[in-house]
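In what follows, a structure is listed as structure tokens, so that the remarks can point back to it.
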Amino acid sequence: MAPARSPSRRSARRGETGAGLAMVSPAVLLLLAFLIVPVLLGFALSFTNARLVSPEPLRFVGLDNFVRAFTVDPAFFRSLFNTFAFAAVVVPVQAGFGLLLALLVNQKIRGVTAFRVIFFVPVVTSIVVVSILWKFMYQPNGVVNSFIDSVTFGAWQGTAWLNNPDTALFAIIVLSIWQAVGFHMLIWLSGLQTVPAELYEAARMDGAGTWRQFRDVTWPCLRPTRIFVLITITIAALGLFVQIDVMTQGGPVDSTTTLVHHAVLTGYRQQQIGYGSALSLVFFVIVLAVALIQRHLTRDKD
């Protein structure tokens with residue numbers, strides 16, 4: 001028969017449990033207040049006619065908000081198209097450019113640390129500040145048009161980039177790639193530095209040149225890094241909001257509006273909380289589906 005635990009040991013165990021709960025409780029309360037409760041509330045409101053300020057009482061409308069999005073609201077399809085167009089360009093270009101920069105700064109040359117810092121500075125700069133600066137640069141008499149005029153010797157005067165529906169989204173794509181490529185450069189760089197040097201030595205002994213070393217050694221070893229970079233860029237691209245809100249507010253003529261911007265504009269500025277919550281739920285389902293597809297395509301087939 002096992003000996004009974006002493007009262008002092010039981011009280012010590014209760015004291016440890018109480019201390020652990022006290023340490024965890026602030027994080028749990030913050031998660032409940034700012035993550036779990038808003039998510040559940042948003043899900044519930046998406047099936048109602050909720051508005052911020054309205055004499056009409058709250059009532060359940062079922063799938064009416066979702067039907068409205070897919071059948072009545074033309075801005076929804078425009079925002080959906082812009083979101084996927086933005087992601088389709090940003091994901092491969094930003095990932096490829098980040099890998100190229102990582103390969104360059106991974107070389108053992110003088111001043112390479114300074115280049116790493118220079119490429120990473122836009123990442124730690126506030127995206128709001130960056131968007132405001134680029135908004136001035138894109139003005140008709142801004143730096144971008146002045147540079148184009150100088151390079152082409154006056155043959156092309158440029159355009160009002162953010163006021164032209166044909167160029168506004170492209171201008172935001174360029175800004176977004178420039179601002180975030182330094183972060184993914186560091187991720188690629190960390191992956192490059194985990195590749196064993198012995199593999200490169202073996203490849204050189206077999207007569208492999210630079211390209212074959214990259215193809216047969218570097219690229220296969222970067223598989224975990226590739227998956228992480230691909231998923232993070234995709235989620236960030238689909239959630240595009242700040243640049244749009246600061247630079248164009250979705251214009252001109254909805255040429256730069258995105259799904260997140262449309263949801264925020266509808267939910268808070270137009271005070272249609274129920275419909276905005278429905279748009280947010282659609283966005284959540286899209287991001288989840290894209291993440292699952294990427295996970296399936298990049299799974300370990302071994």
Side-chain angles (χ1 to χ4, degrees), residues 78-79 81-105 109-189 229 232-234 236-258 260-262 264-265:
R78 181 66 181 185
S79 65
F81 173 79
N82 291 337
T83 299
F84 280 104
F86 180 86
V89 176
V90 168
V91 172
V93 174
Q94 189 167 297
F97 194 36
L99 177 58
L100 177 62
L101 291 177
L103 291 171
L104 292 176
V105 300
I109 56 177
R110 293 181 58 185
V112 68
T113 302
F115 284 105
R116 295 178 185 177
V117 173
I118 291 172
F119 292 141
F120 193 71
V121 164
V123 179
V124 297
T125 305
S126 170
I127 184 61
V128 175
V129 174
V130 171
S131 299
I132 293 174
L133 291 176
W134 277 72
K135 184 177 181 179
F136 284 109
M137 291 171 58
Y138 279 134
Q139 295 296 319
N141 58 347
V143 175
V144 174
N145 283 342
S146 298
F147 175 76
I148 293 175
D149 181 70
S150 300
V151 171
T152 60
F153 300 102
W156 187 36
Q157 302 298 323
T159 183
W161 296 92
L162 298 178
N163 297 325
N164 187 342
D166 297 328
T167 60
L169 186 60
F170 172 77
I172 293 176
I173 287 174
V174 173
L175 156 67
S176 302
I177 293 174
W178 173 84
Q179 190 271 336
V181 72
F183 172 75
H184 298 287
M185 175 200 72
L186 286 186
I187 301 300
W188 284 115
L189 184 61
V229 169
T232 54
I233 294 180
T234 302
L238 293 176
L240 174 67
F241 172 75
V242 176
Q243 299 93 306
I244 302 296
D245 193 53
V246 173
M247 301 177 73
T248 64
Q249 294 79 48
V253 291
D254 291 334
S255 61
T256 60
T257 186
T258 61
V260 174
H261 184 268
H262 185 43
V264 173
L265 180 68

Exercise: identify the closest heavy-atom pair between [X] and [Y]:
X: Val260; Y: Gly239; answer: CG2-CA, 3.9 Å
X: Pro252; Y: Asn164; answer: CG-C, 3.9 Å
X: Ala95; Y: Val229; answer: CB-CG1, 4.1 Å
X: Ala168; Y: Thr256; answer: CB-CG2, 3.4 Å
X: Val253; Y: Pro165; answer: CG2-CG, 3.9 Å
X: Gln179; Y: Pro122; answer: NE2-O, 3.1 Å

Euclidean distance, [Y] [atom2] relative to [X] [atom1], rounded to 0.5 Å:
X: Lys135; Y: Thr248; atom1: NZ; atom2: OG1; value: 8.5 Å
X: Phe86; Y: Thr83; atom1: CZ; atom2: OG1; value: 9.0 Å
X: Gln94; Y: Leu99; atom1: CD; atom2: CG; value: 12.5 Å
X: Asp166; Y: Trp161; atom1: CG; atom2: CH2; value: 11.0 Å
X: Ile177; Y: Phe97; atom1: CD1; atom2: CZ; value: 9.0 Å
X: Leu169; Y: Leu240; atom1: CG; atom2: CG; value: 8.0 Å

*What residues, two or more places apart in sequence or in another chain, satisfy ring-ring contact (aromatic ring centres under 6.0 Å, His included) together with Phe115?*
none

*Verify whether one side chain among Thr159 and Thr167 offers a donor that lies under 3.5 Å from an acceptor in the other.*
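Looking only at side-chain atoms, Thr167 and Thr159 do not form any donor-acceptor pair under 3.5 Å.
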
*More than 12 heavy atoms of other groups within 6.0 Å of Phe120 CZ*: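 Count over threshold, so yes.
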
Using atom types as modelled and distance alone, determine if a side-chain donor or acceptor of [X] lies under 3.5 Å from a backbone N or O of [Y].
X: Trp134; Y: Ile172; answer: no
X: Arg78; Y: Thr257; answer: no
X: Asn82; Y: Thr258; answer: no

_Qualifying residues under side-chain hydrogen bond (donor to acceptor under 3.5 Å, both in side chains), relative to Ser176, sequence neighbours excluded_ =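 With sequence neighbours excluded, Ser176 shows a side-chain hydrogen bond (donor to acceptor under 3.5 Å, both in side chains) to Gln243, given in chain and number order.
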
*Using side-chain hydrogen bond (donor to acceptor under 3.5 Å, both in side chains) as the criterion, list what pairs up with His261, not counting sequence neighbours.*
none

*Leu186 and Leu189, any side-chain heavy atoms less than 4.5 Å apart*: yes

_Any non-hydrogen side-chain atom of Met137 less than 4.5 Å from a side-chain atom of Leu175?_
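No. Closest side-chain heavy atoms not under 4.5 Å.
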
_Let's go through Trp178 and Val130 carefully: what are the C-alpha distance in whole Å and the side-chain angles of both, what is the deciding distance for side chain to side chain contact (heavy atoms under 4.5 Å, CB included) to 0.1 Å, and is it a yes or a no?_
CA-CA 10 Å; Trp178 173 84; Val130 171; 3.7 Å; yes

_Stepwise side chain to side chain contact (heavy atoms under 4.5 Å, CB included) check, Met185 with Leu104_ = CA-CA 10 Å; Met185 175 200 72; Leu104 292 176; over 6 Å; no

